[in-house]
Undergrad: 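Quick one: the structure is below, and I'll ask about it shortly.
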Amino acid sequence: SGYRLPAPIELLDADAICAAISPRLAARLGPLHVFHELDSTNNWLREQSHAGVPSGSVCLAEMQSAGRGRRGRRWVSPFAANLYLSLLWRSAAGVAALGGLSLVTGIAVLRCLRAQGLETIGLKWPNDILAGDAKLAGVLIDVVGESSGPCAVILGVGINVCMPTLAAEGIEQGWTDLQRLCSADVMPSRNRLAASLLEHLLPAIAEFEKSGLQPFLEEWHRYDVVTGREVDLHLPGGTVSGTACGIDEGGALLVDTPQGRQRFTSCEVSVRIAS
Ligand code: BTN
């Protein structure tokens, strides 16, 4: 009689997350907040950025009532099932210097997930993490500030950990989660996963700040699952189709189209794998 949970619920715990972060990286971390429910962790940190919270501030929520995906999509965010984490980073360099950061964030998430033993996952430009053609994690970046002055960047990461089937009915694209990809004995705890994500995000941002996208290009090419495939690019003015052929030094997507090779930046296009 009564209820039986298929798996024990592990709630997020700020102390457990901080305890799992190495002291070297903890020094770079700002305050870490865990909420039961927010509209969106990115929205909350964006509001806090106006109140002057320090670089390295982190926010997680057990659920998001209005989780945001890229291009105005909804990010399905049921309670205690997945990871919804945002990190605030202040940059003196301004918005113009941020080209490539969204790809670097995707690489940091990929590194974190590979460190959990997921060796077959890959990157789909600009920053989706895929297992096969199914989306496992996504990145949403918001920027507050001037184009040439100091700005605050909010790096939002959503990782599907244990997506309830009912909640997943609202997802408009192919998806997967860690539970489907990992055997039960290596399934990471969400608190450890959050700590690992921060352990990978913080050094990646620091390296990007120092050296830009260049040190990440080889890794991007290694895990890029789009190159060589037919793609449809959905632009405000219509759809462009062609064969993806990697990224350039600035992180723009290169596509061979009937009109020749074209270059697309993350703000202008989305990519859909056509075959
Ligand atoms: C995408 O691939 O469309 C981006 C998904 C980003 C989702 C995360 S969950 C934490 C943060 N808060 C949000 O509202 N969105 C991001």
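Excluded from the calculations below are hydrogen atoms, water molecules and symmetry mates; all remaining heavy atoms, backbone and side chain alike, are included. Both counts, for ligands and for their atoms, begin at 1 and track the order of listing. Along the sequence shown, the residues carry numbers beginning at 1.
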Undergrad: Is it true that N42 and S86 share a donor-acceptor pair across their side chains at a distance under 3.5 Å?
TA: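 Per modelled atom types, S86 and N42 side chains form a pair under 3.5 Å.
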Undergrad: Answer side chain, backbone, both or neither: which part of S86 comes under 4.0 Å from ligand 1, heavy atoms only.
TA: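 Side chain only; the backbone of S86 stays clear of ligand 1.
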Undergrad: Quick one: nearest non-hydrogen protein atom to atom 3 (O) of ligand 1, plus distance?
TA: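 Going by distance alone, atom 3 (O) of ligand 1 is nearest to R70 N, 2.7 Å.
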Undergrad: At less than 4.0 angstrom from any non-hydrogen atom of L85, what atoms of ligand 1 do you find?
TA: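 Numbered from 1, ligand 1 contributes 10 (C).
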Undergrad: Can you name the atoms of ligand 1, numbered from 1 with element, that are less than 4.0 Å from a heavy atom of G69?
TA: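 Heavy-atom distances to G69 below 4.0 Å select 1 (C), 3 (O), 4 (C), 5 (C).
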Undergrad: For ligand 1, find out whether one of its N or O atoms is nearer than 3.5 Å to an N or O atom of S40.
TA: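 Yes, S40 has an N/O under 3.5 Å of an N/O on ligand 1.
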Undergrad: Run the numbers on Q48 and S57 for side chain to side chain donor-acceptor pair (under 3.5 Å), then give the verdict.
TA: CA-CA 9 Å; Q48 296 301 305; S57 297; over 6 Å; no
Undergrad: Tell me yes or no: between the side chains of D232 and S241, is some donor less than 3.5 Å from an acceptor?
TA: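 There is such a pair (donor and acceptor under 3.5 Å, judged by atom type) between the side chains of D232 and S241.
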Undergrad: How does N127 reach ligand 1, by side chain, by backbone, by both or by neither, if only non-hydrogen atoms under 4.0 Å count?
TA: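 It is neither; nothing of N127 touches ligand 1.
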Undergrad: For the residue pair T176 and A131, what are the closest heavy atoms and their distance?
TA: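 Shortest heavy-atom separation between T176 and A131 comes out as CG2-CB, 3.9 Å.
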Undergrad: Is there side-chain contact between R68 and D142, with heavy atoms separated by less than 4.5 Å?
TA: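 Answer yes - side chains close enough.
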Undergrad: Assess R73 for proximity to ligand 1: is some non-hydrogen atom of it under 4.0 Å away?
TA: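 For ligand 1, residue contact (heavy atoms, under 4.0 Å) with R73 is absent.
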Undergrad: Report, in ascending order of atom number, the atoms of ligand 1 lying under 4.0 Å from any heavy atom of D128.
TA: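 The atoms of ligand 1 under 4.0 Å from a heavy atom of D128 are 2 (O).
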Undergrad: Contact between K135 and ligand 1, counting heavy atoms under 4.0 Å?
TA: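 Contact check K135 vs ligand 1: positive.
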Undergrad: Does R74 CZ have over 12 foreign heavy atoms under 6.0 Å away?
TA: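 It does not: R74 CZ has 12 such atoms or fewer within range.
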Undergrad: Would you say ligand 1 has an N or O under 3.5 Å from any N or O of W75?
TA: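 It does not: no N or O of W75 is found under 3.5 Å from an N or O of ligand 1.
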Undergrad: Under 30°, 30 to 60°, or over 60°: which ring-plane class applies to H36 and F79, parallel, tilted or perpendicular?
TA: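 The rings of H36 and F79 sit tilted, inter-plane angle from 30° to 60°.
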Undergrad: Is the shortest side-chain heavy-atom distance between I141 and L155 below 4.5 Å?
TA: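 In contact.
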Undergrad: Should the proximity of N43 to ligand 1, defined as any heavy atom under 4.0 Å, be assigned to the side chain, the backbone, both, or neither?
TA: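 Neither part.
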Undergrad: Tell me which one of V157, N160, L60 satisfies side chain to side chain contact (heavy atoms under 4.5 Å, CB included) with L83.
TA: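 The single option meeting the side chain to side chain contact (heavy atoms under 4.5 Å, CB included) with L83 is L60.
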Undergrad: List every atom of ligand 1 that sits less than 4.0 Å from any heavy atom of G67, numbering the atoms from 1 in the order shown and giving each element.
TA: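 Listed by number with element: 14 (O).
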Undergrad: Give the residue, atom name and distance (to 0.1 Å) of the protein heavy atom nearest atom 4 (C) of ligand 1.
TA: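 Among all protein heavy atoms, the one nearest atom 4 (C) of ligand 1 is V139 O, 3.4 Å.
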Undergrad: How about P126 and L253: do any of their side-chain heavy atoms sit closer than 4.5 Å?
TA: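 No, too far: nothing below the 4.5 Å cut-off.
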Undergrad: For atom 15 (N) of ligand 1, which protein heavy atom lies nearest, and how many Å away is it?
TA: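 Answer for atom 15 (N) of ligand 1: R68 O, 2.7 Å.
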Undergrad: Considering only non-hydrogen protein atoms, determine which one is nearest to atom 10 (C) of ligand 1 and report residue, atom name and distance to 0.1 Å.
TA: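 Nearest neighbour among protein heavy atoms for atom 10 (C) of ligand 1, to 0.1 Å: T41 OG1, 3.2 Å.
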